[in-house]
There are 2 protein chains.
Amino acid sequence: MATIKDVAKLAGVAVSTASYALNQSSKVAPQTARKVIDAARVLNYQKNGIARDLKRNKTDTILLILHNLAGPFYSELVRGVQDTLQSLNYGLIACSSMGGRDSTASRFLAERRADGAIILASNLGDQEIERAARKDFPIVVLDRLILNHDSIMSVVVDNKSGGYEAAKHLIDRGHRDIAYLSGPLDSRDNLQRRKGFEQAMQEAAIPIRPKWLLKGEFTRQGGYLATKMLILQGDLPSAIFAGNDEMAIGAMNALKDAGIKVPRQISVIGFDDIEMSRYTTPQLTTVSQANYEVGSLSAHLIYRSIKEEIAKKDYIMPTELIIRDSSRELMKEVRGQREQV
Amino acid sequence: MATIKDVAKLAGVAVSTASYALNQSSKVAPQTARKVIDAARVLNYQKNGIARDLKRNKTDTILLILHNLAGPFYSELVRGVQDTLQSLNYGLIACSSMGGRDSTASRFLAERRADGAIILASNLGDQEIERAARKDFPIVVLDRLILNHDSIMSVVVDNKSGGYEAAKHLIDRGHRDIAYLSGPLDSRDNLQRRKGFEQAMQEAAIPIRPKWLLKGEFTRQGGYLATKMLILQGDLPSAIFAGNDEMAIGAMNALKDAGIKVPRQISVIGFDDIEMSRYTTPQLTTVSQANYEVGSLSAHLIYRSIKEEIAKKDYIMPTELIIRDSSRELMKEVRGQREQV
DNA sequence: CTGTTAGCGCATTCAA
DNA sequence: TTGAATGCGCTAACAG
């Protein structure tokens with residue numbers, strides 16, 4: 001590997017001159033620059049980015065930490081981050097936090113191989129994140145609230161209000177027997193969504209039946225199994241509110257397998273508005289989050305933190321109910337029937 | 001930021017001793033090590049990974065280059081890479097090649113910020129890849145064939161045979177009027193798939209009608225628009241072979257919008273077996289690639305190249321036809337009707 | 001405009 | 001077993 005020294009030597013100039021020339025500094029005469037550039041080409045010189053980072057003490061790169069690089073994740077969110085950082089002239093690298101303390105994410109976080117990080121990985125401990133964040137290494141967390149830390153900003157979706165809207169949508173259409181398909185209990189998202197659900201039920205004075213509170217781990221399979229159980233129980237609700245779309249899809253699969261028609265016999269509603277939710281049969285009613293905006297905002301926050309133009313602040317983003325075909329008005333006769341039970 | 005110097009000072013030892021202690025070397029007395037570890041904890045010391053990389057001249061990290069981090073990409077492939085590298089104790093970072101020479105991918109490639117790269121990004125030039133690859137920076141390319149370079153290995157899917165199988169499947173079921181929905185003309189994948197299609201047509205002595213050769217850029221929208229055009233043309237084929245699933249989905253949407261039933265009135269077949277292909281209505285017949293294996297193999301190849309246990313070699317992976325519901329036997333009466341045309 | 005020089009933080013060699 | 005010294009490749013302050 002040719003180094004800048006070799007280039008300087010071949011061009012017959014000092015290393016610093018070569019460096020200036022290679023970095024398009026105006027301090028160097030055009031002809032000298034020419035010589036340097038030529039020498040670099042001849043030697044097929046490529047700057048060593050690592051040495052550069054070490055010296056400059058910055059990388060112009062932001063780290064995006066996902067639980068699993070192989071998805072499913074919010075592609076709109078990533079797109080928001082990607083577009084924004086590109087326009088700010090920052091690089092973006094993504095890595096996974098799978099594997100605990102040995103994960104690439106943990107390594108990069110601890111060893112500070114970027115200028116900041118955006119984290120969407122619930123398996124990373126708050127503590128680890130808090131230890132990594134500093135003034136010169138701001139972090140935006142997307143899936144949790146970490147307050148009281150000067151260099152950590154939280155951007156969260158208003159899950160509670162989203163959950164409320166979703167539940168209200170069902171209630172307004174005559175549903176009273178509603179099951180909630182829960183995600184992991186340690187997930188903030190899940191908790192908030194459920195709180196919104198509970199609030200709507202309470203306002204409508206509908207008691208929540210424990211046997212219609214199921215667990216599905218936010219996965220398609222989890223939703224499938226939980227719904228299977230629900231079906232086996234015999235006493236089906238008239239609607240299922242799934243804590244996320246993946247589980248809702250699993251639930252619809254289970255219902256389909258059991259010959260139960262959605263939405264004719266049972267309504268299903270999800271949360272997230274993942275792309276697939278437009279391609280299920282029937283199309284899934286769900287709650288949408290402004291994911292692109294979340295991503296873009298996160299990138300801006302990191303950027304402005306680095307440039308120290310910003311005081312720490314946290315954000316709560318609104319949600320929007322997307323009504324599609326998997327939910328519908330409870331039929332009158334069924335309503336009557338059910339009330340007899 | 002505390003550096004190793006601070007740790008050494010606090011522990012009352014030399015920097016080298018601190019370094020050894022921190023790296024679990026056996027050259028240091030247990031009690032000395034203890035002191036160092038404690039000092040590190042007190043100072044909340046975190047090693048500077050960049051300095052370490054510079055000194056060691058390696059990063060223990062592999063770079064995965066995707067055209068667009070925000071997908072859609074082959075998640076099974078990424079999973080294969082991810083799992084394998086993790087088991088080999090290598091880190092994985094992913095970045096996008098969007099933005100041409102300013103992209104993070106180009107920077108990382110040129111500045112060699114990793115120990116090797118796996119590339120699945122057709123917008124990167126062969127030349128750029130060739131310039132980056134060296135003995136100590138092996139590259140695996142997945143979407144193209146680059147031979148004659150000692151440090152570049154190609155792992156490609158047998159697209160031609162896949163295209164042949166898909167076309168044959170249609171032909172065997174009585175279809176003769178088949179449109180081919182093409183991806184970007186500079187895409188090797190697309191070209192090979194089409195070649196397979198042409199071969200099958202030729203063997204069956206079916207002429208290829210230029211007006212049924214459409215372009216869709218491998219995107220859903222591209223497939224949608226191309227199919228819209230096809231419909232407007234008036235003379236519909238009895239089957240559409242889309243160069244990838246995204247376009248096939250776009251095509252099915254266009255057909256649905258026009259009230260044309262799949263597969264009753266027209267068969268559709270895709271390529272890739274993306275996850276969504278199981279969730280379309282009807283489910284999409286397509287060609288599957290062993291993506292997990294491709295990813296895993298690529299990771300192994302990089303690893304073994306780094307460890308210099310390997311001679312350069314290229315791989316062609318087989319495909320498999322996945323028959324679902326979007327394709328079916330051409331009805332006899334239609335067959336007759338068509339033959340009159 | 002150009003050259004000399006001092007580190008960036010760390011791992012590692014060589015002496016002690 | 002420990003410590004002093006060196007250099008990875010680069011940038012940037014400073015001096016000329």
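Not measured: the values here are computed from a predicted model.
- Here A:Asn57 lies out of heavy-atom contact (under 4.0 Å) with every strand.
- Distance, B:Arg34 CZ to D:dT1 P: 18 Å, rounded to whole Å.
- Atom C1' of nucleotide C:dG3 and atom NZ of A:Lys27 are separated by 12 Å, given to the nearest angstrom.
- Listed nucleotides: D:dC10, D:dT1, C:dC10. Nearest to the side chain of B:Thr32: D:dT1.
- Within 4.0 Å of A:Asp53, counting heavy atoms only, lies no atom of the nucleic acid at all.
- When the nucleotides C:dC10, D:dC8, D:dT1 are ranked by their closest atom to the side chain of B:Arg52, C:dC10 comes out on top.
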Could you go through A:Asp83 and A:Arg79, starting from their C-alpha distance and side-chain angles, then the distance that decides it, and tell me whether this counts as salt bridge (Lys or Arg N to Asp or Glu O under 4.0 Å)?
CA-CA 6 Å; A:Asp83 288 357; A:Arg79 194 189 314 282; 5.8 Å; no
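- With D:dC8, D:dT11, D:dT1 as the candidates, the nucleotide lying closest to the side chain of A:Lys47 is D:dT11.
- Of the candidates D:dT2, C:dA11, D:dA12, C:dA11 carries the atom nearest the B:Ser19 side chain, counting heavy atoms from C-beta on.
- Salt bridge present: B:Lys312 and B:Asp314 bring a charged side-chain N and a carboxylate O closer than 4.0 Å.
- Ranking C:dA11, D:dC10, C:dC10 by closeness to the A:Ala51 side chain, first place goes to D:dC10.
- With rounding to whole Å, A:Lys5 atom NZ is found 13 Å from C:dT4 atom P.
- Checking B:Ser296 against B:Thr84 by side-chain atom types alone, a donor-acceptor pair falls below 3.5 Å.
- The pair A:Arg113-A:Asp53 fails the salt-bridge criterion, with no side-chain N (NZ, NE, NH1 or NH2) lying under 4.0 Å from an Asp/Glu carboxylate O.
- Here the rule is side-chain contact (heavy atoms from CB on, under 4.5 Å) with A:Arg41, and of A:Leu43, A:Ile37, A:Asn44 only A:Ile37 fits it.
- The environment of NZ in A:Lys9 is sparse: at most 12 heavy-atom neighbours from other residues, nucleotides or ligands sit within 6.0 Å.
- Here the C1' atom of nucleotide D:dT11 and the CG atom of B:Leu54 are 13 Å apart, to the nearest Å.
- Regarding A:Asp136, its CG atom lies at a distance of 11 Å from the P atom of C:dG9, rounded to whole Å.
- Side chain of B:Val13, nearest nucleotide from D:dT1, D:dG3, D:dC10: D:dG3.
- End-to-end axis angle of the helix from C:dC1-D:dG16 to C:dA16-D:dT1, from C1' rotation axes over five pairs per end: 40° (rounded to 10 degrees).
- Atoms CZ (A:Arg56) and P (D:dC10) sit 13 Å apart, rounded to a whole Å.
- In this structure, B:Thr3 reaches the sugar-phosphate backbone alone: every heavy-atom distance under 4.0 Å involves primed, P, OP1 or OP2 atoms, never a base.
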Quick test: give all pairs of protein nitrogen or oxygen and nucleotides 4-6 of chain D nitrogen or oxygen below 3.5 Å, distance rounded to 0.1 Å.
unit_1: D:dA4; atom_1: N6; unit_2: B:Ser16; atom_2: OG; d: 3.1

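- One can place CG of B:Asn48 at 13 Å from C1' of D:dC8, the figure rounded to the nearest angstrom.
- No more than 12 heavy-atom neighbours from other residues, nucleotides or ligands sit within 6.0 angstrom of CZ on A:Arg131.
- The ring-ring contact (aromatic ring centres under 6.0 Å, His included) pairs that include a residue from residues 97-155 of chain B number zero, where partners must be two or more places apart or lie in different chains.
- Between B:Asp126 and B:Arg144 a salt bridge is recorded (basic side-chain N to carboxylate O distance below 4.0 Å).
- Rounded to whole Å, atom P of C:dA11 lies 14 Å from atom CD1 of A:Ile50.
- Other residues, nucleotides and ligands contribute over 12 non-hydrogen atoms within 6.0 Å of the CG atom of A:Leu145.
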